[in-house]
K.L.:
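Below you will find the structure I want to go over with you.
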Amino acid sequence: MVETGKIRVRFAPSPTGQLHIGNVRTALFNWLFARQKRGTFVLRIEDTDVERSEVRYETQLLADMKWLGLDWDEGPDVGGPYSPYRQSEKMDGYRAYAARLIREGKAYYCFCTSEELEREREQALAEQRQPIYSGKCRKIDPAEAERRRAAGEPAAIRLKIPEHPIQFHDIVRGDVEFPHEVIGDQIIVRSGGMPIYNYAVVIDDADMEITHVIRGDDHISNTPKQVAVYEALGLQVPEFAHLSTILGPDRERLSKRHGATSVANYREMGILPEALMNYLALLGWAPSGGDREIFPQAELIKEFDLARVTPSPAVFDTEKLYWLNRHYIKQSARQRIHRMGAEFLERAGLLSAEMDEQVTTWAAGVVELLAPYVDRLDQLPDRAGIFFRFDAAEAILSPENAEVFASPAVTKVIEAFAWRASAEAGWTVESFNAIMNQIKMETGTKGKDLFHPVRVVLIGSHSGPAFDKLIPLIETGSRLALPVHVKSGRERVTEFMEAWKRRAN
RNA sequence: GUCCCCGUCGUCUAGCCCGGCCUAGGACAUCGCCCUUUCACGGCGGUAACACGGGUUCAAAUCCCGUCGGGGACGCCA
């Protein structure tokens, strides 16, 4: 148990692609734990895989984490007392520790070639034996090994795995024990001099005085190998917490083919960061009682408990994320939503980048009207079609409206409405309501029979927002200079009637 | 093949460690009703789960063993 001093945790991603949903969840749990315990959250970049690592991914990664609301106390950009925070910048330390292990007889040089090892592995598999290293080079006399190495023979460094079961404590799973027979002496430094991941992490975590290693459960069988390194070096073994895998709807590990799997994807979809954070926290963790779902950041920090994290894998449920997103959209400061919504409309070419005050106000009205009913903000441009897109012929043909046109009173209502409405120039809520009341009396219709046809005439669909919100926005919108013209009520009625007559013929 | 991890409604989960309060709770989704001169939102209600088989016990979702199913690891990858 590491209970002395302050908690130190770390998130150590490889900058080899977009920040994945599974990885942010790991980052989030580390962060929540650190913030609650008033500990330190370290960001360390594992960029030893030079082939795949790219700086732009690192930049993206930091930006995505910040967007979600995660911050770190030490990291490549902010520095800290345990610098450097990029693995590629700290190669020397790894070699020094390895030299010490050799000197102490806890590690040895291995002269086996990759081909030899591959052959042994295949043979073991064929004989249904454990495909682990035989320990052949363990027997080589150290002085002899030193001579061969000095003579230029390439050698990797292997750690002697102790001959007793290796056990460690996992906060999520309890005590875990691996028989040493299944491990085999691990290479810790390649013949080229580069350290192996399972060795490098240990050095890094120990150097940085990490007290709790919280990571994905794909590392669980790496853990005994790492514990062996800690023990050989006489270093304090940290506490572990292995988080379960996040699955797609088909119960397969969440991957690209499941669609949106990166933080960036969700940001572009118009998922609010607090919704994503709340959802991710609920994937694998639940408060005691398990009867609360809404957890804003501050509440999460207060309630989060590593010991309550579930060990079983979880299927990522987009619907529940959307539900939370709707909640936070409604909850959020109006101005923020107006601004964000306008950005999505702008990206869709419905608004221009520079907006004067009138347009800004109008756009805010549009977003205000539509936003509470969308799952994600990127649905806004489509929903705004009731303003920007009006095609009478399409509305008449649409199967969605077939039922409306099948109603016996439809012609009567449409004609009565058109007759009155086309005479009116600038509509107001009052004038519109007056018209509605008149045709209600004239046609003797009400409810659906009255409203559905009128709605189809005006927005091409029988469902949509209330007229007293809609009419003013249509009218003011029609008078603004926008990239896509918003047709006025009268324009709509006129166009509809032309199409309606054409239909009749 | 061997080792490790996991297994409660369709999904996320509470309960499990410390057996009885579990007639198994909440949420998403779904279905129904109400609200609404439309649709949604919202409110109310319903359907729906302890993987299977053995033990232990007066009593098991909870403890033990086994089976089955899913995932991971066994690299001079991370």
K.L.:
Looking at A:T310 and A:G284, would you say the former's side chain and the latter's main chain have a donor-acceptor pair under 3.5 Å?
P.N.:
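Flag set: sc A:T310 to bb A:G284 pair under 3.5 Å.
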
K.L.:
Counting the atoms with a prime plus P, OP1 and OP2 as sugar-phosphate, which does A:G284 contact under 4.0 Å by heavy atoms, base, sugar-phosphate, or nothing?
P.N.:
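It contacts sugar-phosphate atoms only.
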
K.L.:
Nearest whole angstrom, please: distance from the P of B:C4 to the CZ of A:F240.
P.N.:
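After rounding, the gap between these two atoms is 18 Å.
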
K.L.:
Considering only side-chain heavy atoms of A:V182, which listed nucleotide, B:C76, B:U2, B:C12, is closest?
P.N.:
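The listed nucleotide nearest to A:V182's side chain is B:U2.
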
K.L.:
Give the rounded distance in Å between these two atoms: CD of A:E181 and P of B:C74.
P.N.:
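So the two atoms are 18 Å apart, to the nearest Å.
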
K.L.:
What is the pairing partner of B:U2, taking Watson-Crick or G-U wobble pairs with both distances under 3.5 Å in any strand?
P.N.:
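Pairing partner, where one exists within any strand: B:A73.
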
K.L.:
What does nucleotides 28-40 of chain B look like as a protein-contact string, B for base, S for sugar-phosphate only, - for none, at under 4.0 angstrom between heavy atoms?
P.N.:
BS-------BBBB

K.L.:
Between the side chains of A:R121 and A:E118, is the shortest nitrogen-to-carboxylate-oxygen separation below 4.0 Å, so that they form an ion pair?
P.N.:
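Yes, A:E118 and A:R121 are salt-bridged.
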
K.L.:
Going through the checks in order, is the ring-ring contact (aromatic ring centres under 6.0 Å, His included) test met by A:F390 and A:F496?
P.N.:
CA-CA 9 Å; A:F390 179 76; A:F496 189 91; 7.1 Å; no

K.L.:
Expressed in whole Å, how much space separates the C1' atoms belonging to B:U47 and B:C3?
P.N.:
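Taking atom C1' in both B:U47 and B:C3, they lie 43 Å apart.
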
K.L.:
As a test of reading the structure: which of B:C76, B:U2, B:G72 is closest to the side chain of A:L117, going by heavy atoms?
P.N.:
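Closest nucleotide among those given: B:C76.
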
K.L.:
With a 3.5 Å limit on both atom pairs, tell me what B:C68 is paired to, counting Watson-Crick and G-U wobble, or say none.
P.N.:
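Across all strands, the one nucleotide that pairs with B:C68 is B:G7.
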
K.L.:
For B:G75 and A:R158 - does any side-chain N or O of the residue sit under 4.0 Å from the phosphate oxygens OP1/OP2?
P.N.:
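Checking B:G75 against A:R158, no side-chain N or O comes under 4.0 Å of OP1 or OP2.
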
K.L.:
Sort me out a list of protein N/O and nucleotides 45-53 of chain B N/O pairs below 3.5 Å, or just none if empty.
P.N.:
none

K.L.:
So which one's nearest nucleotide on RNA chain B is more toward 5', A:S312 or A:D218?
P.N.:
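Looking at RNA chain B, the more 5' nearest nucleotide goes with A:S312.
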
K.L.:
To the nearest Å, give me how far apart CD1 (A:I183) and C1' (B:U2) are.
P.N.:
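Answer to the nearest Å: 13 Å.
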
K.L.:
Regarding A:R292 and the six-membered ring of A:F295, is the cationic atom NZ or CZ under 6.0 Å from the ring centre and inside 45° of its axis?
P.N.:
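The answer is yes, since A:R292 meets both limits relative to A:F295.
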
K.L.:
With both distances kept under 3.5 Å, what pairs with B:G20, Watson-Crick or G-U wobble?
P.N.:
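Partner of B:G20: B:C58.
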
K.L.:
According to side-chain contact (heavy atoms from CB on, under 4.5 Å), who are the partners of A:A232, at least two apart in sequence or on a separate chain?
P.N.:
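side-chain contact (heavy atoms from CB on, under 4.5 Å) check on A:A232 returns A:L101, A:K106, A:L159.
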
K.L.:
Look at the side chain of A:N222 against the base of B:A78 and say whether a donor-acceptor pair falls under 3.5 Å; ignore hydrogens and angles.
P.N.:
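Yes, a donor-acceptor pair under 3.5 Å.
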
K.L.:
Please report the distance, rounded to the nearest Å, between OH in A:Y133 and C1' in B:C3.
P.N.:
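Spelled out: OH on A:Y133 to C1' on B:C3 is 21 Å.
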
K.L.:
Strictly by salt bridge (Lys or Arg N to Asp or Glu O under 4.0 Å), give each pair with a member in residues 448-469 of chain A just once, sequence neighbours left out.
P.N.:
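Every candidate salt bridge (Lys or Arg N to Asp or Glu O under 4.0 Å) pair involving residues 448-469 of chain A fails, so no pair, neighbours aside, qualifies.
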
K.L.:
Rounded off to whole Å, could you give me the CD1-to-P distance for the A:I220 and B:C6 pair?
P.N.:
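In whole Å, B:C6 P and A:I220 CD1 are 7 Å from each other.
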
K.L.:
Between B:U62 and B:G72, how far apart are the P atoms? Round to whole Å, please.
P.N.:
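28 Å, rounded to whole Å.
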
K.L.:
Return the set of residues passing ring-ring contact (aromatic ring centres under 6.0 Å, His included) with A:H258 (not counting sequence neighbours), or none when no residue passes.
P.N.:
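Testing A:H258 for ring-ring contact (aromatic ring centres under 6.0 Å, His included), a comparison that skips the adjacent residues, returns none.
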
K.L.:
Any base atoms under 4.0 Å from A:P313, or only sugar-phosphate, or nothing? Heavy atoms, all strands.
P.N.:
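It contacts sugar-phosphate atoms only.
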
K.L.:
Taking the P atom in each of B:G26 and B:G53, what is the distance between them to the nearest angstrom?
P.N.:
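27 Å, rounded to whole Å.
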
K.L.:
According to the Watson-Crick and G-U wobble definitions, with both distances under 3.5 Å, which nucleotide is paired to B:G42?
P.N.:
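With both distances under 3.5 Å, B:G42 matches B:C34.
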
K.L.:
Answer yes or no: does a side-chain N or O of A:R121 lie under 4.0 Å from OP1 or OP2 of B:C76?
P.N.:
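Yes, within the criterion.
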
K.L.:
Name all residues meeting the ring-ring contact (aromatic ring centres under 6.0 Å, His included) criterion together with A:F388; count only those two or more places apart in sequence or in a different chain, and write none if there are none.
P.N.:
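Applying ring-ring contact (aromatic ring centres under 6.0 Å, His included) to A:F388 gives A:W362.
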
K.L.:
Tell me every residue that passes salt bridge (Lys or Arg N to Asp or Glu O under 4.0 Å) with A:D185, counting only those two or more places apart in sequence or in another chain.
P.N.:
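Testing A:D185 for salt bridge (Lys or Arg N to Asp or Glu O under 4.0 Å), a comparison that skips the adjacent residues, returns A:R138.
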
K.L.:
Looking only at atom P, what distance separates B:C28 and B:C44, rounded to whole Å?
P.N.:
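Here B:C28 and B:C44 have their P atoms 11 Å from each other.
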
K.L.:
Roughly how many Å apart are B:C6 and B:A14, using the P atom of each and rounding to a whole number?
P.N.:
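14 Å, rounded to whole Å.
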
K.L.:
Can you pull the salt bridge (Lys or Arg N to Asp or Glu O under 4.0 Å) pairs that have at least one residue in residues 157-169 of chain A, sequence neighbours excluded?
P.N.:
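For residues 157-169 of chain A, and leaving out neighbouring residues, there are no salt bridge (Lys or Arg N to Asp or Glu O under 4.0 Å) pairs at all.
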
K.L.:
Can you tell me how far P of B:C5 sits from CD1 of A:I171, to the nearest Å?
P.N.:
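The distance from CD1 of A:I171 to P of B:C5 comes to 17 Å, rounded to the nearest Å.
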
K.L.:
Starting at atom CG of A:D217, determine the distance to atom P of B:C5, rounded to an integer number of angstrom.
P.N.:
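Taking CG of A:D217 and P of B:C5, I get 12 Å after rounding.
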
K.L.:
When the aromatic ring centroids of A:Y197 and A:H219 are compared, is their separation below 6.0 Å?
P.N.:
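Distance test on ring centres: under 6.0 Å, yes.
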
K.L.:
If we take the P atom in both B:C5 and B:U67, what is their distance in whole Å?
P.N.:
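Looking at atom P only, B:C5 and B:U67 are 15 Å apart.
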
K.L.:
Using the P atom as the reference point in each nucleotide, state the distance between B:G7 and B:C50 in Å, no decimals.
P.N.:
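15 Å, rounded to whole Å.
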
K.L.:
Taking CG from A:L254 and C1' from B:G72, how many angstroms apart are they, rounded to a whole number?
P.N.:
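It works out to 16 Å between those atoms.
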
K.L.:
Please measure how far the P atom in B:C68 lies from the corresponding atom in B:A27, and state the result in whole Å.
P.N.:
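Rounded to whole Å, the distance is 38 Å.
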
K.L.:
Which residue pairs satisfy the salt bridge (Lys or Arg N to Asp or Glu O under 4.0 Å) criterion with at least one member in residues 271-291 of chain A, sequence neighbours excluded?
P.N.:
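For residues 271-291 of chain A: A:E274-A:R336.
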
K.L.:
Salt bridge (Lys or Arg N to Asp or Glu O under 4.0 Å): which pairs involve residues 191-206 of chain A, sequence neighbours left out?
P.N.:
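Sorted result for residues 191-206 of chain A: A:R10-A:D205, A:R44-A:D204, A:R44-A:D205, A:K90-A:D204.
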
K.L.:
Where do N or O atoms of nucleotides 14-21 of chain B meet protein N or O atoms at under 3.5 Å, pair by pair?
P.N.:
from	atom 1	to	atom 2	distance (Å)
B:A14	O3'	A:R308	NH2	3.2
B:A14	O2'	A:G289	O	3.2
B:G15	OP1	A:R308	NH1	2.9
B:G15	OP1	A:R308	NH2	3.2

K.L.:
Now, which nucleotide makes the Watson-Crick or G-U wobble pair with B:A29, with each of the two distances under 3.5 Å?
P.N.:
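Its partner is none (no Watson-Crick or G-U wobble pair with both distances under 3.5 Å).
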
K.L.:
Under 4.0 angstrom, heavy atoms only, what part of the nucleic acid is A:I187 near: base, sugar-phosphate, or nothing?
P.N.:
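Contact class for A:I187: base.
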
K.L.:
Quick check: any donor-acceptor pair below 3.5 Å linking the side-chain of A:S191 to the base of B:C76?
P.N.:
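Present.
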
K.L.:
Please identify each residue that fulfils side-chain contact (heavy atoms from CB on, under 4.5 Å) with A:V202, with sequence neighbours left out.
P.N.:
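A:V202: side-chain contact (heavy atoms from CB on, under 4.5 Å) contacts with A:Q226, A:V229, A:Y230.
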
